[in-house]
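Have a look at the structure below before the remarks.
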Amino acid sequence: MLEELIMFILCYLLVLVLYEIFIVSRAKKNADKKDKKYPIEVGYLIGKYHLDMEKVNYNQLLQIVALVSSFDISLIVSAVMIFDEYMIQLIASIAIVVPVILVSFHFIGLFYKKKGMIKDV
């Protein structure tokens, strides 16, 4: 049990650092441009939950996405490591990746909806 917890924490920290370097830092550099290219996660939240980017603190949104995505990846890795056989791990990861991401991003969407940071559609 302790080994799994340590593995989860190390995986979370590693993924978070990589996310900060490769996704968040690039997105912050592009934030000043007129034709912003949002990371795919932010684009999904804007499209699905109608986030009003005029109201949303973009840097905070990037941090929330980085934290949640890192948690999702760590959770999936920890969940599939329960199985010993590689093929079962692969099938399990394919089966749970989309539901985990959709549920976690739904919570982000609800958070911003509760804060009143969505467009009136």
Side-chain angles (χ1 to χ4, degrees):
M1 180 70 181
L2 185 60
E3 290 177 10
E4 288 86 5
L5 180 62
I6 292 171
M7 172 79 159
F8 176 82
I9 292 170
L10 290 176
C11 182
Y12 179 78
L13 293 175
L14 176 66
V15 173
L16 183 61
V17 167
L18 292 174
Y19 233 91
E20 291 289 334
I21 293 170
F22 292 108
I23 306 293
V24 174
S25 65
R26 288 184 184 173
K28 285 182 181 180
K29 288 178 186 175
N30 291 334
D32 298 332
K33 297 180 181 178
K34 288 183 181 180
D35 56 337
K36 291 183 187 177
K37 286 190 78 178
Y38 295 115
I40 193 162
E41 299 92 338
V42 174
Y44 172 77
L45 289 168
I46 292 170
K48 174 82 172 161
Y49 298 101
H50 309 290
L51 292 185
D52 188 353
M53 293 308 290
E54 308 251 334
K55 297 178 185 177
V56 172
N57 180 341
Y58 185 59
N59 290 334
Q60 180 189 34
L61 176 61
L62 289 174
Q63 293 302 318
I64 290 172
V65 165
L67 291 169
V68 170
S69 295
S70 299
F71 179 80
D72 290 348
I73 293 168
S74 302
L75 181 68
I76 292 166
V77 167
S78 297
V80 300
M81 293 307 287
I82 294 170
F83 304 109
D84 292 329
E85 191 176 328
Y86 174 75
M87 191 56 77
I88 295 174
Q89 289 176 340
L90 182 64
I91 292 168
S93 63
I94 291 171
I96 66 173
V97 74
V98 172
V100 167
I101 291 171
L102 290 177
V103 167
S104 64
F105 277 74
H106 180 71
F107 286 130
I108 296 173
L110 291 177
F111 169 77
Y112 280 106
K113 185 176 182 179
K114 186 176 180 180
K115 293 279 188 179
M117 296 186 183
I118 58 170
K119 293 179 184 176
D120 297 323
V121 179

Rounded at 0.5 Å granularity, tell me how far CD1 in Ile23 sits from CG in Leu62. 10.0 Å
Taking the side chain from Ser93 and the backbone from Leu90, do they hold a donor-acceptor pair closer than 3.5 Å? yes
Exactly one of Ile21, Val15, Leu14 should register a side chain to side chain contact (heavy atoms under 4.5 Å, CB included) with Val17. Which one does? Ile21
Could you check if a side-chain atom of Phe22 sits within less than 4.5 angstrom of a side-chain atom of Arg26, using non-hydrogen atoms only? yes
Identify, with sequence neighbours excluded, every residue that meets ring pair (Phe, Tyr, Trp, His ring centres under 6.0 Å) alongside Tyr112. none
Shortest non-hydrogen contact from Leu16 toward Ser70: CA-OG, 3.2 Å
Considering non-hydrogen atoms only, spot the tightest contact between Tyr49 and Phe105 and give its length. CE1-O, 3.7 Å
Are more than 12 heavy atoms from other residues, nucleotides or ligands located less than 6.0 Å from atom OH of Tyr58? yes
Any chance you could measure Ile76, atom CD1, to Cys11, atom SG, to the nearest 0.5 Å? 10.0 Å
Heavy atoms of other groups near Gln60 CD, more than 12 under 6.0 Å: yes
Nearest heavy atoms of Asp72 and Ile101, plus distance in Å: OD2-CA, 3.8 Å
From CD1 (Ile91) to CD (Gln89), nearest 0.5 Å: 11.0 Å
Using the rule given for side-chain contact (heavy atoms from CB on, under 4.5 Å), can you reason through Val56 versus Lys115, listing the C-alpha separation, both sets of side-chain angles and the distance that settles it, and then say yes or no? CA-CA 10 Å; Val56 172; Lys115 293 279 188 179; over 6 Å; no
Heavy-atom pair of closest approach, residues Ala27 and Pro39: CB-CG, 3.7 Å
Phe71 and Ser104, any side-chain heavy atoms less than 4.5 Å apart: no
Looking only at heavy atoms, the pair that brings Ile118 and Lys55 closest together is O-NZ, 3.8 Å
If you look at every heavy atom in Leu51 and Lys119, which pair is closest and at what distance? O-CE, 3.9 Å
I need the Leu75 CG to Tyr12 OH distance, nearest 0.5 Å. 12.0 Å
With clusters defined by side-chain heavy atoms of hydrophobic residues (ILVMFWY) lying less than 4.5 Å apart, directly or transitively, does Val97 cluster with Tyr44? yes
Tell me whether Met81 shares a hydrophobic cluster with Ile94, the cluster being built from Ile, Leu, Val, Met, Phe, Trp, Tyr side chains joined at under 4.5 Å. no
Would a single hydrophobic cluster contain both Leu18 and Val77, if residues Ile, Leu, Val, Met, Phe, Trp and Tyr are joined by side-chain heavy-atom contacts under 4.5 Å? no
Any chance you could lay out the side-chain contact (heavy atoms from CB on, under 4.5 Å) test for Glu41 and Leu45, step after step, and finish with the verdict? CA-CA 6 Å; Glu41 299 92 338; Leu45 289 168; 5.6 Å; no
So with a 6.0 Å cut-off around CG of Leu5, is the heavy-atom count from everything else above 12? yes
Hphob cluster co-occupancy, Leu102 + Phe111, side-chain heavy atoms under 4.5 angstrom: yes
Roughly how far, to the nearest 0.5 Å, is the OG atom of Ser25 from the OH atom of Tyr19? 12.5 Å
Separation between OG (Ser78) and CD (Glu4), nearest 0.5 Å, reads 8.5 Å
Does atom NZ (Lys28) have a neighbourhood of more than 12 heavy atoms from anything else shown, all under 6.0 Å? yes
Group every Ile, Leu, Val, Met, Phe, Trp and Tyr by side-chain heavy-atom contacts under 4.5 Å, then state whether Leu10 and Val80 land in the same group. no
